There are 2 protein chains.
Amino acid sequence: MKASEQRRVTVKDVAEAAGVGVATVSRVLTGTGSASAATRERVLAAAARLDYRPSALGRNLRRRHTGGIGLLVPDITDTFYARLADGVLACAKSAGEPVILGTTGDDPEREAELIGSLLEESVERVIAVPCGDGEMWGPAFRAGLGVVFAEREVPGRNLPSVRADDRAGVRTAVEYLAGLGHRRIALLARHGQEQRVRAFREALAELGVPVDEELIVLARGTRDSAYAAAAGLLQRRPDVTAVLAGGNMLGEATVLAARELVIRIPRDVSLVMFDDVPWAELCSPPLTVISQPAHDIGYRAAELVLRERGRPRTVTLPTELIVRASCGPRR
Amino acid sequence: MKASEQRRVTVKDVAEAAGVGVATVSRVLTGTGSASAATRERVLAAAARLDYRPSALGRNLRRRHTGGIGLLVPDITDTFYARLADGVLACAKSAGEPVILGTTGDDPEREAELIGSLLEESVERVIAVPCGDGEMWGPAFRAGLGVVFAEREVPGRNLPSVRADDRAGVRTAVEYLAGLGHRRIALLARHGQEQRVRAFREALAELGVPVDEELIVLARGTRDSAYAAAAGLLQRRPDVTAVLAGGNMLGEATVLAARELVIRIPRDVSLVMFDDVPWAELCSPPLTVISQPAHDIGYRAAELVLRERGRPRTVTLPTELIVRASCGPRR
DNA sequence: ATGAAAGCGCTAACAC
DNA sequence: GTGTTAGCGCTTTCAT
């Protein structure tokens, strides 16, 4: 007998074995409706004896949706998103829901494709770090999809999202740097993090530091792009005295580029990195960072998408400045 | 009109719009059977006009299985597994299949739970980094699940798996260390990496270095456990002169523990870490590593599970010693 | 080449 | 309290 010929145990089998109708089995197993203690007992026993596992396929088709959660991140290789995913998984686990993971590579087209296949799978809840301007979310909403955005939000519409407090984080970093005497501060950010760019401009303005647009450089979410951005900045503007890297990959790229160009941190340039990662402490020099609760962002997003369908809430989580050794006074 | 009241466009709608039967629509869309060029045209046009998306639910129920791939890793926060997952995603994307991610935390019980829910979802292909002795895989095989193991394998049974060449990697590291004059070499490994432990003993034996069992310490797959293992080893045996960390988290823990105990690397102890990660180069000192093709492991595993059902193959990928600055001659 | 009809496994009306 | 029945959306014989 080949393994592939195994017939699946179904409600019908259980019903037969327990001497009841299929509906009763369904009721007992899902906890819906009522059943006498005696029958309940018999059904449970039969199910256990046959090692019955309800088919999610049948249930989902009937209910016309999947219980699962779609999770869309730019890059699972970036520890920030890995931690975020971990948070989502932790919450989904307690709800017993499967998580379907997709990576967008920060490409709106890929994002649209992924949304499409989630729709095909009848997934009705998704957590996403959106890229692009959010055009592609139209079909999703029309299909009744419950969406919670994480880390970033889509401009325009007012949609549920959970994010770190970028404004406060950037502001804290800039104030710290300015307090050390820095004036030519650069910002390295990813596309889609306009929030941080805005906050950066504001913080500078409030401190009376003129905004030099050439010192704000945007990168895509790949290591190569991050490196190019960092190296380009450092070469083009050797007068920068401090840089704020808007993410751990950007921070990594900055350290690498600086070494390559024999620019010493913090003697020649100070560095503050967004997102605390384990290696920040191991780095030479240990990096001063703005830590973000990546895990919590994921967890809260999952809570929102799971339990608060419809209520568009937006959650902002605090960041924290952790001073280590990558910043010094203005040279 | 509430969004949730949207009725899904079905084959029936398309059939009606195209003036044909549902069977024809199905045939045209799946590419099965035959249809005249004219009808094909009409069906395609109707489908496009109605923005029809076939429901995976219906199809899967009918076919009695899901196309998706289950992916089980110990910890998505560990960059090795994140890169592995990335490889799986890359391959799954080209096949258009969704990936369901679950984390086991290296806990056999959790692993069993996850296998169970994959079975409920009728997933028929899974890629897993197994933990435990593989008892829990029995039900999976009985259900006809196609499994490919990654990074580790389950002892006993001969099952498809793709792994880095641990034997060669460990051997290379040990030879390198021995060549530097080291004799009291410790190994930090994870449970489930018995392969590496065995290779370690063999390599030592071949070089005529006596095996000191106290110098082989096993940890669970968490940061805390890794730190405890590293710190414990370094404290208990201040005479060790070199350590081989069997994974990036173990390496991280070793650097941290060494700093805490004011043990200098490489002056006091040399360190070789399994798995090259971006921060290895940024670390102080830059870490000498045995690099592993994490992405490829995932990609190949996905290829195997997708295209080579049934043929139990086992793939071994090469590792490479990358010398940086964390090793020195025996003090 | 194409349509009608039979389910896949499940749940929710609806009867009793 | 419990059984019967009608689908959910799709693919696949089986006729035509």
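What you see is a predicted model, and the numbers here were worked out from it, not measured in a lab. Heavy-atom basis, side chains included; hydrogens, waters and symmetry copies ignored. First the proteins, then the strands, lettered A, B, ... as listed; each starts at 1.
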Would you say E194(A)'s side chain and G192(A)'s backbone share a donor-acceptor pair under 3.5 angstrom? yes
Will you find, in the side chains of R8(B) and S122(A), an N or O donor that is under 3.5 Å from an N or O acceptor? yes
Return the orientation label for the F141(A) and W137(A) ring planes: parallel under 30°, perpendicular over 60°, tilted otherwise. tilted
Per the end-axis method with five pairs at each terminus, what is the bend angle of the helix from dA1(C)-dT16(D) to dC16(C)-dG1(D), to 10°? 40°
Quick check against the 3.5 Å criterion: does T39(A) have a side-chain atom that pairs as donor or acceptor with the backbone of T24(A)? no
For residues 95-118 of chain A, the salt bridge (Lys or Arg N to Asp or Glu O under 4.0 Å) pairs (sequence neighbours left out) are E97(A)-R125(A), D106(A)-R152(A), D106(A)-R190(A), R110(A)-E113(A)
Find the distance E120(A):CD to dC10(D):C1' and express it as a whole number of Å. 13 Å
Taking T66(A) for the side chain and N60(A) for the main chain, is one N or O donor matched with an acceptor at less than 3.5 Å? no
Report yes or no: does S225(B) contribute a side-chain atom to a donor-acceptor pair with the main-chain N or O of T222(B) at less than 3.5 Å? no
Separation of R53(B) atom CZ from dC10(D) atom P, in whole Å? 12 Å
Can you list, in residue-number order, the parts of residues 29-49 of chain B that come under 4.0 Å of DNA chain C, counting heavy atoms only? S34(B), A35(B), S36(B), T39(B)
Worked check of side chain to side chain contact (heavy atoms under 4.5 Å, CB included) between V305(B) and V147(B): CA-CA 7 Å; V305(B) 86; V147(B) 181; over 6 Å; no
Below 4.0 Å from chain A heavy atoms, what is the first contacting nucleotide of DNA chain C and what is the last? dG9(C) to dA13(C)
Within residues 58-69 of chain A: residues closer than 4.0 Å to DNA chain D (heavy atoms): L61(A), R62(A), R64(A)
Quick one: which residue pairs count as a salt bridge (Lys or Arg N to Asp or Glu O under 4.0 Å) with a foot in residues 36-54 of chain A, not counting sequence neighbours? R53(A)-E120(B)
Would you indicate whether the side-chain heavy atoms of R313(B) and R300(B) approach each other to under 4.5 Å? yes
Determine yes or no for a side-chain-to-main-chain donor-acceptor pair under 3.5 angstrom, with T79(A) supplying the side chain and A82(A) the backbone. no
Is there a donor-acceptor pair under 3.5 Å between the side chain of S26(A) and the backbone N or O of V22(A)? no
Check for a donor-acceptor pair, side chain of D13(A) on one end and backbone N or O of T10(A) on the other, with a separation under 3.5 Å. yes
